Amino acid sequence: MPRNLCLTRQCLGLGTRIECSVRPLAGDNGMWTLLFAAGMAGEQPSTVKSEGPFHGPFVAETVLQTIVDNLTQHGYELADEPPIWCLHVQAHLRLLNNGQERLAL
């Protein structure tokens, strides 16, 4: 499974988008996190969230696969589109690495 992916869904003429990313946390301690940016296609994300930390990339990727499987059951499709919200995701990761996750919620 790729460590970055995008899911989209069309509903009532509106396009929604979820970008997912698996990233290591700072500190070289083997901890990884899942980052999600979601919102309307063509706009800024309405939310950026994280899950984890997880012990290693393979655990995080397994959790991501479970989430993707669930979202596809609810009408989302994997999209072969480049990430457009990577700066938002990177900013959230920076908050996590600085121990300021509660400020990002």
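Nothing here was measured: the structure is a model prediction, and the numbers come from that model. Only heavy atoms go into these numbers, but all of them, side chains included; no hydrogens, no water, no symmetry mates.
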Leu5-Val59 co-clustered via ILVMFWY side chain contacts under 4.5 Å: yes
Single-linkage hydrophobic cluster Leu64~Phe58, side-chain heavy atoms < 4.5 angstrom: no
Ile84 reachable from Val48 in the ILVMFWY side-chain graph, under 4.5 Å edges: no
Val63 side chain near Glu51 side chain, heavy-atom distance below 4.5 Å: no
Transitive ILVMFWY side-chain link Met40 to Leu7, under 4.5 Å: no
Exceeds 12 heavy-atom contacts within 6.0 angstrom, atom CD of Gln10: yes
Side chain to side chain donor-acceptor pair (under 3.5 Å) pairs, two or more places apart, involving residues 28-43: none
Between Asp69 and Gln73, a side-chain donor and acceptor under 3.5 Å: no
Side-chain donor/acceptor of Ser46 to backbone N/O of Ala38, under 3.5 Å: yes
Stepwise side-chain contact (heavy atoms from CB on, under 4.5 Å) check, Arg94 with Gln90: CA-CA 6 Å; Arg94 192 173 309 117; Gln90 184 65 33; 3.8 Å; yes
Contact summary for Pro24 and Leu93, nearest pair of heavy atoms: O-CD1, 4.1 Å
Validation row: Phe36, Thr47 side chains within 4.5 angstrom (heavy atoms): no
Heavy-atom closest contact (Val22 atom, Pro57 atom, distance): CG1-O, 4.4 Å
Over all atoms of both residues, closest heavy-atom pair of Asn97 and Ala26: OD1-N, 2.7 Å
Salt bridge (charged side-chain N to carboxylate O under 4.0 Å, His left out) contacts touching residues 78-88 (sequence neighbours left out): Arg17-Glu81
Check: Asn4 and Val89 side chains under 4.5 Å, non-hydrogen atoms: no
Closest approach of Leu25 to Leu96 (non-hydrogen atoms, all atoms of both residues): CD2-CB, 4.3 Å
Donor-acceptor pair, side chain of Arg9 and main chain of His74, under 3.5 angstrom: yes
Closest non-hydrogen atom pair between Lys49 and His92, with its separation: C-NE2, 3.9 Å
Thr16 vs Cys11 side-chain heavy atoms within contact, under 4.5 Å: no
